[in-house]
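By convention in this document, chain letters (A, B, ...) are assigned in the order of the sequence lines, proteins followed by strands, and residues within each chain are numbered from 1. Fair warning: this is a prediction, and the values are worked out from it, not measured in the lab.
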Amino acid sequence: MSQFWKPGTERPRLVDDEEGGVLLYATSSSSSSGFGYGSLEKQRQRLPVYKYKTAILYSVETHATTIIVGETGSGKTTQIPQYLKEAGWAEGGRMIACTQPRRLAVQAVATRVAEEMDVKLGEEVGYTIRFEDITNEELTRVKFLTDGVLLREMMDDPLLSKYSVIMVDEAHERSLSTDILLGLLKKIQRRRPELRIIISSATIEAKSMAAFFNTRICRRRREEEQGPTKEPAILSVEGRGFNVELFYVDDPVSDYVQSAVSTVMSIHDQERMGDILVFLTGQDDIDTAIQLLTEEAQSSGKQGLVSVPLYSGLPRADQDLVFSPTPRGKRKVIFSTNIAETSLTLEGIVYVVDSGFSKQRFYNPISDIENLVVAPISKASARQRAGRAGRVRPGKCFRLYTEDYFSNEMSVVGIPEIQRSNLVSCVIQLKALGIDNILGFDWPASPSPESMIRALEILYSLGVLDDDAKLTSPTGFQVAEIPLDPLISKMILASCEFGCSEEIITIAAVLSIQSIWIPVRGVQKQLDEAKLRFAAAEGDHVTFLNVYKGFIQSNKSSKWCHKNFINYHAMRKVIEVREQLKRITQRLGIGLKSCEGDIQAVKKAITAGFFANAARLEPFSHNGMYKTLRTSQEVYIHPSSVLFRVNPKFIVYHSLVSTDRQYMRNVITIDPSWLTEAAPHFYQKQLHSSIPQ
DNA sequence: GAGCACTGC
């Protein structure tokens with residue numbers, strides 16, 4: 001390995017990551033195994049953040065905004081809410097909120113904090129995530145929630161008046177909801193000077209966050225200002241990770257999959273025992289890498305390697321393999337996507353191999369298409385990946401790019417999600433909160449005006465916004481109320497008119513789940529056959545109705561799912577979402593009605609939401625090429641669709657996925673005259689040119 | 001002939 005690698009000139013150092021001392025999937029080390037309160041208290045005091053308790057409380061007392069830079073295992077997430085509670089911030093009926101970008105983290109942190117405070121979860125300490133509200137209105141003083149839920153709460157309580165302090169954790173990840181939340185919190189602060197905001201962020205982002213929240217206008221007027229200082233305070237808390245030594249390649253690699261496999265082999269050869277985590281970009285890479293490694297290990301007679309894939313599409317049981325203990329004398333190699341960068345914490349990793357790439361979403365507002373492309377990661381991501389090696393003992397990280405590339409070419413932080421996404425949901429949420437001047441909204445990072453305008457256009461075409469870009473009544477307000485993509489919400493509202501809301505909320509629930517089929521490559525043929533049992537000539541949406549019906553008739557049986565290659569957990573989720581939609585539609589005064597098999601009604605309701613996603617088969621096309629009616633984009637039916645190779649003339653699709661081609665996922669056949677019925681304004685021009693009568 | 005990661009009363 002010494003020929004291949006050169007130690008970086010950068011000195012080995014502590015590497016940060018984001019969880020404040022909470023180890024997901026490591027619940028056995030907590031009090032349930034017999035530690036009493038006293039021991040928990042001692043553990044708390046040993047956390048690095050403990051030393052800063054007074055400083056943090058002082059800063060929160062005197063500053064409107066405090067930015068906490070916390071490294072690995074600093075304990076900030078679990079401890080700061082408790083400090084605030086002890087200092088009296090939850091007195092007088094007030095509450096302390098702490099947001100996380102992910103549900104799992106919310107549950108884990110809340111559970112841990114309840115344990116440390118020796119209270120029952122759901123009483124003094126509670127949490128709220130979608131479908132799960134473990135809080136008690138009278139008792140709960142410290143509340144953990146996803147930032148998406150807090151945004152929803154603002155619809156009822158725009159000033160978030162019940163909270164005295166709001167801590168936004170993992171702000172450096174710059175997720176869509178976090179950015180919207182930060183923009184809104186800044187606005188709230190102006191109206192509620194007594195509100196305190198704590199933002200926990202990685203080092204790299206701290207300064208820009210501070211600049212964003214700095215609302216102090218003029219230095220001289222400082223003495224006249226009432227209340228806390230407007231200029232944010234920045235506090236830094238060290239972590240408790242181990243050293244991770246960094247290595248770079250001498251020359252750029254041409255094939256990072258092959259290179260990752262060779263590196264794993266060298267580590268296995270030359271380094272002491274310890275598991276390896278390899279960051280690749282997707283399922284394809286991962287499958288190829290595992291195959292290559294198996295071959296290389298076989299041909300060189302090397303033993304003792306156990307390779308495990310890890311990506312979100314993997315069935316739950318297979319994902320759990322990653323957490324099973326490595327057999328004695330073996331070395332586990334986990335080939336993972338970005339999922340291991342933030343969402344999952346793996347124990348026992350000592351070596352990290354970083355390809356330097358990940359798949360990232362990019363949105364093109366001109367074509368209104370979201371693309372998934374392999375792109376170089378940022379320095380922040382690279383640090384995060386490296387940090388995964390230093391959790392149990394000092395580790396090593398092998399970067400499959402040159403040190404020169406890292407220093408001079410890699411961007412410091414990634415592009416915030418809000419600048420890479422379709423903004424339709426985001427715009428409607430702001431409108432619902434009464435923010436009229438969307439283009440002038442103060443964001444932590446501004447999205448492009450093109451994306452904003454495109455979102456406004458789409459919402460206008462859906463009849464959600466009027467000529468003055470205000471929410472229409474009742475449609476606009478109703479669509480904003482439903483926590484789904486506005487196109488789906490519109491479809492639900494239309495179903496009322498067509499008398500098929502029972503069917504449409506089922507379809508809406510299925511569409512909001514990733515996939516209801518079991519994702520297995522080896523048994524593709526059986527999966528296709530299973531699909532045929534439910535396939536409807538009208539398309540995928542109607543097929544979903546058949547699957548749902550079968551699932552209900554089987555009495556929601558997991559056996560039935562297994563037999564039919566249907567993902568049982570996904571179907572449970574469908575039931576859950578459907579129940580939620582049922583409640584919401586009832587509140588909106590939409591009566592649930594079944595069309596009793598009138599499929600045309602169902603398809604018309606779908607068209608009412610998705611008219612913009614219409615495509616027409618190219619005449620004389622031999623390979624099933626379609627063009628979208630709106631922008632004449634070349635698109636194809638996705639191979640997973642029941643209409644693949646059927647190629648009906650006119651279709652409406654739910655979404656596009658872009659790989660080497662643009663694939664339409666979930667399609668139904670339509671009659672083109674429905675398009676002009678559903679959106680006359682939208683299709684007026686195209687009517688004569690592209691739709692034959 | 002094919003699926004980065006999250007999320008929402």
A/Thr506 versus A/Arg578, side-chain donor and acceptor atoms under 3.5 Å = yes
When you measure from the side-chain N and O atoms of A/Arg361 to the phosphate of B/dC6, is any distance below 4.0 Å, counting only OP1 and OP2?
no
In whole angstroms, the gap separating C1' of B/dC6 from CD of A/Glu173 amounts to 9 Å
Exercise for review: Just call it for A/Leu151: base, sugar-phosphate, or nothing, with non-hydrogen atoms closer than 4.0 Å on any strand.
Suggested key: nothing
Hits for salt bridge (Lys or Arg N to Asp or Glu O under 4.0 Å) against A/Arg587, two or more places apart or cross-chain, chain-then-number order -> A/Glu481
Checklist entry - Hey, does the side chain of A/Thr146 come within less than 4.0 Å of B/dG8's phosphate (OP1/OP2), counting only N and O? => result yes
What does A/Arg583 touch in the nucleic acid at a heavy-atom separation under 4.0 angstrom: a base, only the sugar-phosphate, or nothing? nothing
What residues 371-378 of chain A contributes to the DNA chain B interface at heavy-atom separation below 4.0 Å is A/Leu372
Please tell me whether A/Ser421 and A/Arg361 have a donor and an acceptor in their side chains that are separated by less than 3.5 angstrom.
yes
| message | At less than 4.0 Å, is any side-chain N or O atom of A/Tyr663 found next to OP1 or OP2 of B/dA2? Yes or no. | response | yes
By ring pair (Phe, Tyr, Trp, His ring centres under 6.0 Å), A/Phe610 pairs with (sequence neighbours left out) A/His654
Here the distance between atom C1' of B/dT7 and atom CD1 of A/Ile513, to the nearest Å, is 12 Å
5'-most contact on DNA chain B (nearest-nucleotide basis), A/Tyr311 vs A/Arg587, goes to A/Tyr311
Side chain to side chain donor-acceptor pair (under 3.5 Å) filter on A/Tyr568, not counting sequence neighbours, yields A/Arg572
Original post:
Reckon A/Thr337 touches a base, only the sugar-phosphate, or nothing at all at heavy-atom distances under 4.0 Å?
Top reply: sugar-phosphate
Could you tell me whether the phosphate oxygens of B/dC4, OP1 or OP2, come under 4.0 Å of any side-chain nitrogen or oxygen in A/Ser358? no
Between CD1 of A/Ile584 and P of B/dG8 the distance, given in whole Å, is 12 Å
When rounded to whole Å, the CG to P distance for the pair A/Asp284 and B/dG3 reads 7 Å
Side-chain atoms of A/Arg102 come closest, of B/dT7, B/dG1, B/dC4, to B/dT7
A/Ser658 meets the side chain to side chain donor-acceptor pair (under 3.5 Å) criterion, sequence neighbours left out, with A/Asn371, A/Gln662
>> Please classify the nucleic acid contact of A/Asp156 as base, sugar-phosphate, or nothing, using heavy-atom distances under 4.0 Å.
In response: base
**Asked** Which part of the nucleic acid does A/Glu417 contact within heavy-atom distance under 4.0 Å: base, sugar-phosphate only, or nothing?
**Response** base
Among B/dC4, B/dG8, B/dA5, the one nearest any side-chain atom of A/Arg103 is B/dG8
A/Leu280 CG to B/dC4 P, in whole Å, measures 12 Å
Between CG of A/Asp169 and P of B/dT7 the distance, given in whole Å, is 15 Å
How about A/Asp179 and A/Ser177: does a side-chain donor come under 3.5 Å of a side-chain acceptor?
no
In whole angstroms, the gap separating P of B/dG8 from CD of A/Gln514 amounts to 13 Å
Against the side chain of A/Ser312, the closest entry in B/dG8, B/dC4, B/dA2 is B/dC4
Taken to the nearest whole Å, CD1/A/Ile180 to C1'/B/dC6 is 13 Å
Any donor-acceptor pair, under 3.5 Å, between the side chain of A/Asp528 and the base of B/dG1, if you only look at N and O atoms?
yes
Residue set satisfying ring pair (Phe, Tyr, Trp, His ring centres under 6.0 Å) with A/Phe644, at least two apart, ordered chain then number -> none
